[in-house]
Amino acid sequence: MFLAKKWLGSLLLPLPLLLILGFFGVFLLLFRQKRSGICLLVLSMATLLLLSTRPVANALMAPLESRYPPHEITAEPVQDILVLGAAQVADPRLPLLSQLGQAGVYRITEGVRLAHAYPQARLVLSGYAGGEGRTSAELYGEVAVALGIAPQRLLLLPEPKDTAEEADAMAPLIAGRRALLVTSASHMPRAMALFAAAGAHPLAAPVDHQAKESSAALPLYTYLPQARYLWRSELAWHEYLGLLWRRWGAG
C-alpha cells in the first residue's frame, strides 16, 4: 500500500502528468486527430508554463503555509519537540548537512533552535532509511549533537515511513505533554490533521517557508518561468493530493 501510494502520487505530480498528457496529444496527431491532439498539447504546455512562474507557484503554496503562524518562544515550558523526517541521501563522502535534503536541513535546524530555547524538552527525531544506508532520524541525531544538544535528550524513531506512521508512533509519547511539531510549513496542515486523527494535538512550529514575497520591487525577469517555481508548484500540488487522499480515506 505504501509503495502503491508513492507510485501513484509521483505519477500525479504536474511534470509527469502533463508530459503524459502532451505525449497523448502527439499520439492523437499521429492518428489524424488534429484538433484533439493540438488541444492536449497546448493545454499541457500552457499549464506547465504557468506552474513554472512565481505568481502561480506562490498562489498555490500560500494557502498551505499561512494556515499556521511561526512558533513564538514563550516562558511556558515545552516537554517535547517533534521533528518529522524528510528525504536524505546518506553519502558518507559528504558533509553531514549535505546528506539531508533541503526540507530536512530546515526541520532539524529549527528543532535544534527550539531545543536550545526550551532546554528541558525532549527532542524526538523521526524518519526511515528509504533505501539509504542510514535513516533520517540518525542523521538528525548527529546534527543535533553537533549543534550542542546532549545525546540523552534525543529520542530517535527510525521506523515510521510517512507522516501517518509518524503520528501514530508519536501520539502515545506526547499524551498529556506540551509538544511542538516541526515540519515544513506547506506540510503542516496535513501533518496536524494526521496527528489529530491519532489523538494528539501538538502545537505547530512550521519552518521551510517557500512562498516568500519581497517588499522590494522585483525585476521583470523574475516573472519568467523557472525550474525552481515548478518545483514549488509540485510541492504544493503534492500536499493538496495528500489532503485529498486523506479526505477520501476518512470518507
Heavy-atom pair with the smallest gap, counting every atom of [X] and [Y]:
| X | Y | value |
| --- | --- | --- |
| Tyr140 | Val83 | CE1-CG1, 3.7 Å |
| Glu239 | Ser186 | CG-O, 3.4 Å |
| Gly37 | Leu28 | CA-CB, 3.9 Å |
| Val145 | Pro151 | CG2-CG, 4.1 Å |
| Ser136 | Gln88 | N-NE2, 3.6 Å |
| Asp208 | Ser184 | OD2-OG, 2.9 Å |

For side-chain contact (heavy atoms from CB on, under 4.5 Å), just list the numbers for Val143 and Leu100, CA-CA rounded to whole Å, side-chain angles, deciding distance to a tenth of an Å, and then say yes or no.
CA-CA 10 Å; Val143 172; Leu100 295 171; 4.1 Å; yes
Which residues pass the side chain to side chain contact (heavy atoms under 4.5 Å, CB included) test with Ser233, not counting sequence neighbours?
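Ser233: side chain to side chain contact (heavy atoms under 4.5 Å, CB included) contacts with Leu51, Ala57, Leu60.
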Tell me every residue that passes side chain to side chain contact (heavy atoms under 4.5 Å, CB included) with Thr183, counting only those two or more places apart in sequence or in another chain.
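With sequence neighbours excluded, Thr183 shows a side chain to side chain contact (heavy atoms under 4.5 Å, CB included) to Leu84, Arg107, His187, Met188, Ala191, given in chain and number order.
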Nearest 0.5 Å, what's the CZ-CD distance between Phe195 and Glu166?
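That separation rounds to 6.5 Å.
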Verify, without hydrogens or angle tests, whether [X] (side chain) and [Y] (backbone) share a donor-acceptor contact under 3.5 angstrom.
| X | Y | answer |
| --- | --- | --- |
| Tyr68 | Met192 | no |
| Gln79 | Ala179 | no |
| Arg178 | Pro77 | yes |

Stepwise salt bridge (Lys or Arg N to Asp or Glu O under 4.0 Å) test for Glu142 and Arg134:
CA-CA 11 Å; Glu142 284 196 24; Arg134 304 180 67 198; 2.3 Å; yes
Once ring pair (Phe, Tyr, Trp, His ring centres under 6.0 Å) is applied, do any residues pair with Phe27, and if so which ones, sequence neighbours excluded?
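Per chain and number, Phe27 pairs via ring pair (Phe, Tyr, Trp, His ring centres under 6.0 Å) with Phe31.
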